[in-house]
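Residues: numbered from 1 along the sequence shown.
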Amino acid sequence: MSDLLDRYEGGAESPIAYPDYDGFIDVAQMDKFVRELRDVERRGGIRITRGRGLKSEQIKHARLESPPLLYELLGRRPVGELMEAATGRLLEGLELPVQFETSLDALRSAWSRGREWQGFSLDDADRLRPVFVMAKAIFEQRHVGLDYRTFSRRFAGDSKALEQLEGPVVRLLSGLVEVPPAARPRDALRTLGLEKFAPPILLSGRLDFDVAELSAAAPRYFGIPPAEAERLRFRERPEYVLTVENFASFSRHIMEADPHRVGITIYVGGYPSLATQSALKTIATALPANIPFFHWSDIDPDGTWIFRTIERAIARELKPHLMSVDLADRLGKLPADRTRLPTGTMPSAMSDLVAYLRRDDAKWLEQEELDPKLPPANAW
């Protein structure tokens, strides 16, 4: 009878259950089972179908007729009531923005059928609540300027909550804010401004830092905290600024393509953190409008996401470097698994490549497959 109710709650309108006669210990147990089923049938809870011929006295199967009666006989609460109680605990005192309604509808739908939502069952409402609390705080930009532990302690009451619930938080946010298509949860949160501590930004070029004349020492590259980008000084006008996703490509570019440091090359650390994005904006604001900015990434959905993120951050024209449909088509490979492409409708120098990558025959190309070269001198 519990099995009948389980499948009824799972969506079956009039489920049928078959007795497992081989599972009975002895005849006495089987007779007790038959008597109980017949009693429930007399009350109208189920309808029994018997076998034929020599098995005409044997119960073939039982069909659910009255769910309320079975709930009463088993002392069991309907899953709809359990769902309402669980969502009540989940949302108590929590006013979610309207944008969360789609996720809440999906959660209620799953829980009302006794199924899990994002790996959380009805019994996990208390464990799921911090996910919604932290996602709401991030959506409302209340995380800005906070590190992982401080954010977790402030909004979840546990300094390690975000580390333990990164995946569900990002899945809940993914339909509300744009995050990298295939990023690990921690990388995705880093692009939104949540990280333990911002990694340094690496730069190469004829640059000084405050009173330190690094251009005279001519290091291959140096690193600074992103928040201190305003202390950079430009010894002379750079011919270009190039941001690079991959560290190997960054290193090869400054050694092979630009050993004389005629431009500024910046390693953004894969998915650029919010701190890195802010540093890039500081650099872009400090340089004249006629200095061209370029970005070099893998030719894949993540690469286009990184490009568009930097494009938004610097608020000036950004050109793709060694990122074209022609290169992908000639040198790329068909991906084993396709990833969704960034959404959004902002005008972008990536638009043609994004359109190409939406095609079923589109190829992807890792930037490490290409030899570095200087951006075109006539780019502006």
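For Arg77 (side chain) and Leu82 (main-chain N/O), no donor-acceptor pair under 3.5 Å exists by modelled atom type. Although no hydrogens or angles enter the test, the distance criterion places a donor-acceptor pair under 3.5 Å between the side chain of Ser351 and the main chain of Ser348.
For the pair Arg63/Ile46, no side-chain contact is recorded, criterion being any heavy-atom separation below 4.5 Å from C-beta on. Side-chain contact between Val79 and Leu122 is present, with at least one heavy-atom pair separated by less than 4.5 Å. Using a 4.5 Å cut-off on side-chain heavy atoms (C-beta onward), Val133 and Lys136 make no contact. Annotation: side chain of Leu69 is in contact with side chain of Arg43 (closest heavy-atom distance under 4.5 Å). A heavy-atom distance below 4.5 Å is not found between the side chains of Asp208 and Leu232. The side-chain heavy atoms of Leu331 and Glu369, taken from C-beta on, include no pair separated by under 4.5 Å. Inter-residue side-chain proximity for Trp364 and Ile299 is flagged as unmet; no heavy-atom pair is nearer than 4.5 Å. Within the 4.5 Å cutoff, the side chain of His295 has heavy atoms near those of the Ile306 side chain.
Annotation: ring-ring contact (aromatic ring centres under 6.0 Å, His included) contacts involving residues 74-97, sequence neighbours excluded, are absent. Pairs passing the side chain to side chain donor-acceptor pair (under 3.5 Å) check and including a residue from residues 101-110, sequence neighbours excluded, read Ser109-Arg113. Applying the ring-ring contact (aromatic ring centres under 6.0 Å, His included) definition to pairs two or more places apart or across chains, none involves residues 159-188.
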List the steps and the verdict of ring pair (Phe, Tyr, Trp, His ring centres under 6.0 Å) for Phe24 and Phe33.
-> CA-CA 9 Å; Phe24 292 110; Phe33 166 78; 5.1 Å; yes

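Applying the side-chain contact (heavy atoms from CB on, under 4.5 Å) rule to Ala257 yields the partners His253, Pro372; only residues at least two apart in sequence or on another chain are considered. By the side-chain contact (heavy atoms from CB on, under 4.5 Å) test, Glu166 pairs with Tyr148, Pro185, Arg186, Leu189, sequence neighbours left out. Scanning for ring pair (Phe, Tyr, Trp, His ring centres under 6.0 Å) contacts around Tyr221 gives Phe250, with sequence neighbours left out. Every ring pair (Phe, Tyr, Trp, His ring centres under 6.0 Å) that Phe100 has, sequence neighbours left out, goes to Phe139. Residues meeting the side-chain contact (heavy atoms from CB on, under 4.5 Å) test with Ala248, sequence neighbours left out: Asn246, Glu368. Residues passing the ring pair (Phe, Tyr, Trp, His ring centres under 6.0 Å) test with Phe222: none are found, sequence neighbours excluded. Legend: residues meeting side-chain contact (heavy atoms from CB on, under 4.5 Å) with Ala156, ordered by chain and number and at least two apart, are Pro130, Met134, Ala161. Remark: Arg149 pairs with Glu163 by the salt bridge (Lys or Arg N to Asp or Glu O under 4.0 Å) rule, at least two apart or across chains. Listed by chain and residue number, nothing satisfies the ring pair (Phe, Tyr, Trp, His ring centres under 6.0 Å) test with Phe120 (two or more places apart in sequence, or in another chain).
In terms of hydrophobic clustering, with Ile, Leu, Val, Met, Phe, Trp and Tyr side chains grouped at heavy-atom distances under 4.5 Å, Ile264 and Ile314 are assigned to a common cluster. Hydrophobic cluster membership is shared by Leu94 and Leu172, with clusters built from Ile, Leu, Val, Met, Phe, Trp and Tyr side chains linked at under 4.5 angstrom. Using a 4.5 Å cut-off between side-chain heavy atoms of Ile, Leu, Val, Met, Phe, Trp and Tyr, with links allowed through other members, Leu274 and Leu162 fall into different hydrophobic clusters.
A salt bridge does not link Glu81 to Arg76: none of the charged nitrogens lies less than 4.0 Å from a carboxylate oxygen. Salt bridge annotation for Arg235-Glu213: present, with a cationic side-chain nitrogen under 4.0 angstrom from a carboxylate oxygen. Arg35 and Asp31 are not joined by a salt bridge, as no carboxylate oxygen comes within less than 4.0 angstrom of a charged side-chain nitrogen. Comment: Asp126 engages Arg89 in a salt bridge, judged by a side-chain N to carboxylate O separation of less than 4.0 angstrom.
Expressed to the nearest 0.5 Å, how far NZ of Lys319 lies from CD of Glu311 amounts to 11.0 Å. Interatomic distance, His321 NE2 to Leu374 CG, rounded to the nearest 0.5 Å: 7.5 Å.
Taking the six-membered ring where tryptophan is involved, the planes of Trp305 and Tyr271 are perpendicular, since the angle between them exceeds 60° and thus also 30°.
Exactly one residue among Glu236, Arg237, Arg233 makes a side-chain contact (heavy atoms from CB on, under 4.5 Å) with Arg206. That residue is Glu236.
Residues Ser273 and Thr276 bring a donor and an acceptor atom of their side chains to less than 3.5 Å of each other.
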